[in-house]
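Naming convention: chains lettered A, B, ... in sequence-line order (proteins, then strands); numbering from 1 in each chain.
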Protein chains: 2
Amino acid sequence: MLNNKHDHSVCVETALESAQKICEERETRFTPLRRRVLELVWSKHEPITAYEVLDMLSEGKKRVAPPTVYRALDFLVEEGFVHRIESLNSFVGCSDPAHKHQGHFMICTKCSNVTEMNEQSLHNVIENAAKENGYSYENSILEIAGVCENCRA
Amino acid sequence: MLNNKHDHSVCVETALESAQKICEERETRFTPLRRRVLELVWSKHEPITAYEVLDMLSEGKKRVAPPTVYRALDFLVEEGFVHRIESLNSFVGCSDPAHKHQGHFMICTKCSNVTEMNEQSLHNVIENAAKENGYSYENSILEIAGVCENCRA
DNA sequence: TGATGGCTTGATATTTTATAACATACAGGG
DNA sequence: CCCTGTATGTTATAAAATATCAAGCCATCA
Ligand SMILES: [Zn+2]
Ligand SMILES: [Zn+2]
Ligand SMILES: [Zn+2]
Ligand SMILES: [Zn+2]
């Protein structure tokens, strides 16, 4: 994923097809707008802001308004196709949309690439920490900043 | 800390005195404004927004401008007296300002109380996760949403 | 067929959060 | 006192998000 040399169009295609399939299963509506916004979020492996999506979405056509983008993003986040990165006010495509989950991320401070960690063990540790502090667990965000392997090489 | 019955003025006093002492050690300037903003952040155990601080700071006197508050908050966060809660765009007093660290939090979705977790083990797990994913570790945010003991009782 | 109701998108305005840029004040060292 | 660096004041604006109401679309059913 962090390898710059991969054929990224494959990532995008896979994400779109998965989303399509999951929406059919869940009987939710994968409209052209939502599809297009998901495609734009996946246009890179870096987080993208709502307003960047808005600009890209507006290219050529009449400029769309913020609610159009935010509503589509809300849907995609709700369905688990996209995660929001709180520390960056940004969004990134989920690497495992088939299983709804909380996103736990590594963020490279040099190249801005993001790696999603889908480790159950990490999730367990977090959920236990909640219980040990007397809280019921609802959800969590974990965003780790560091420098990725590529950038240190 | 989550116990509503504690004498909160003690929390505030302790926080202000600690900050004063630490600033003397570090030879940084704990100005009246910074002191006042820290006091306001500590006015409750819930996260507080910059604009709430701004409103409280402005009571009576001429209204202060946003940069005044943000600069004071930047200083307090920098010194480790206050943590920023990314998922709420808010700030909360640090429970252990003597040792600079990353804030890891539990946030009650019912009463908005926040509990800071100062567990080294949790920190170690997170730092290891970074290394296992090929990242160097710089810092991290962990914000867990759930319902606190009080609110479930 | 065409009325109905629910969801989706469009459009306008505004709110909330945060920063840029430049001016003034103020403390400490010469 | 003057100089210098830090802190604060002031004005303006940028960036991020939401409230509200209108219009479009589509499936269902009278
Ligand atoms: Zn994911
Ligand atoms: Zn990198
Ligand atoms: Zn702390
Ligand atoms: Zn609670």
Side-chain angles (χ1 to χ4, degrees), chain A residues 19-20 22-24 26-41 46-79 81-92 112 141 143, chain B residues 19-20 22-24 26-41 46-79 81-92 112 141 143:
Chain A
Q20 174 97 50
I22 293 167
C23 283
E24 279 163 17
R26 293 181 188 159
E27 298 186 12
T28 53
R29 296 175 54 187
F30 195 51
T31 64
L33 174 65
R34 290 166 177 176
R35 182 187 179 86
R36 177 70 179 135
V37 169
L38 181 58
E39 187 180 17
L40 291 172
V41 168
E46 297 168 35
I48 188 170
T49 70
Y51 279 76
E52 284 170 347
V53 171
L54 194 160
D55 288 342
M56 294 164 83
L57 195 56
S58 301
E59 272 168 21
K61 320 175 225 323
K62 186 162 177 300
R63 186 167 183 81
V64 303
T68 300
V69 171
Y70 279 101
R71 284 188 293 227
L73 287 170
D74 285 348
F75 172 85
L76 298 172
V77 168
E78 183 69 26
E79 293 292 326
F81 304 152
V82 164
H83 294 291
R84 180 179 159 80
I85 309 284
E86 295 291 343
S87 61
L88 302 173
N89 291 343
S90 296
F91 300 84
V92 70
S112 300
I141 67 173
E143 295 169 16
Chain B
Q20 175 96 50
I22 293 167
C23 283
E24 278 164 17
R26 293 181 188 159
E27 298 187 12
T28 53
R29 296 174 56 188
F30 195 51
T31 64
L33 174 66
R34 289 167 177 176
R35 181 187 180 86
R36 177 71 179 135
V37 169
L38 181 57
E39 188 180 15
L40 291 172
V41 169
E46 295 168 37
I48 188 170
T49 70
Y51 278 78
E52 284 171 347
V53 171
L54 195 161
D55 288 342
M56 294 165 83
L57 196 56
S58 301
E59 272 168 21
K61 321 175 224 323
K62 185 164 177 299
R63 185 167 184 81
V64 304
T68 300
V69 171
Y70 279 101
R71 284 188 292 227
L73 287 170
D74 285 348
F75 172 86
L76 298 171
V77 168
E78 183 69 24
E79 293 292 326
F81 304 153
V82 164
H83 294 292
R84 180 178 159 82
I85 309 285
E86 294 291 342
S87 61
L88 301 174
N89 291 341
S90 297
F91 300 84
V92 71
S112 300
I141 67 173
E143 296 168 16

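Proximity of B:Arg36 to the phosphate of D:dT8: no side-chain N or O atom is located under 4.0 Å from OP1 or OP2. Phosphate contact (OP1/OP2 of D:dG9, side-chain N/O of B:Lys62, threshold under 4.0 Å): absent.
In this structure A:Glu52 satisfies the side-chain hydrogen bond (donor to acceptor under 3.5 Å, both in side chains) test with no other residue, sequence neighbours excluded. Under the salt bridge (charged side-chain N to carboxylate O under 4.0 Å, His left out) criterion, A:Glu86 pairs with A:Arg84, not counting sequence neighbours. Under the rule for a side-chain hydrogen bond (donor to acceptor under 3.5 Å, both in side chains), A:Thr68 has no partner lying at least two apart in sequence or in another chain. Residues meeting the side-chain contact (heavy atoms from CB on, under 4.5 Å) test with B:Ser90, sequence neighbours left out: B:Pro47, B:Thr49, B:Leu88.
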Identify each donor-acceptor pair in which a side-chain atom of residues 33-40 of chain A lies under 3.5 Å from a protein atom, sequence neighbours left out, and give them as a table.
from	atom 1	to	atom 2	distance (Å)
A:Arg34	NH1	A:Arg29	O	2.8
A:Arg35	NH1	A:Gln20	OE1	3.1
A:Arg36	NH1	A:Glu39	OE1	3.2

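Put simply, CZ on B:Arg34 is 11 Å from P on D:dT6, counting in whole angstrom units. Residue B:Asn89 contributes atom CG, which lies 8 Å from atom P of D:dA17 at whole-angstrom precision. Rounded to a whole Å, the CG atom of B:Leu88 is 14 Å from the P atom of D:dA17. We find that CZ of B:Phe75 is positioned 13 Å from P of D:dT6, with the value rounded to whole Å. When the C1' atom of D:dA7 is taken as reference, atom CZ of B:Phe30 falls 15 Å away, rounded to whole Å. Across the protein-nucleic acid pair, B:Glu79 atom CD and D:dT6 atom C1' stand 14 Å apart, rounded to whole Å. Rounded to whole angstrom, the span from the CG atom of B:Leu54 across to the P atom of D:dT11 amounts to 14 Å.
Within the 4.0 angstrom heavy-atom criterion, no nucleotide atom of any strand lies near B:Arg63. When heavy atoms are screened at a 4.0 angstrom cut-off, B:Thr68 is found touching base atoms of the nucleic acid.
Residue pairs meeting the salt bridge (Lys or Arg N to Asp or Glu O under 4.0 Å) criterion with at least one partner in residues 67-78 of chain B, sequence neighbours excluded, do not occur; the list is empty. Identified under the salt bridge (Lys or Arg N to Asp or Glu O under 4.0 Å) test for residues 57-69 of chain B, with sequence neighbours left out: B:Asp55-B:Arg63.
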Can you check nucleotides 18-26 of chain D for protein contacts, nitrogen or oxygen pairs under 3.5 Å, and list what you find?
none

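Extent of DNA chain C lying under 4.0 Å from chain A heavy atoms, first and last nucleotide in 5' to 3' order, is C:dC7 to C:dT12.
A:Ile141 and B:Ser87 make their closest contact through CD1-CB, 4.0 Å (heavy atoms, listed as atom of the first residue, atom of the second, distance). Nearest approach of A:Leu73 to A:Ala50, heavy atoms of both residues: CD1-CB, 3.8 Å.
The side chain of B:Ala65 approaches D:dT11 more closely than any other nucleotide in the set D:dT11, D:dA7, D:dA16.
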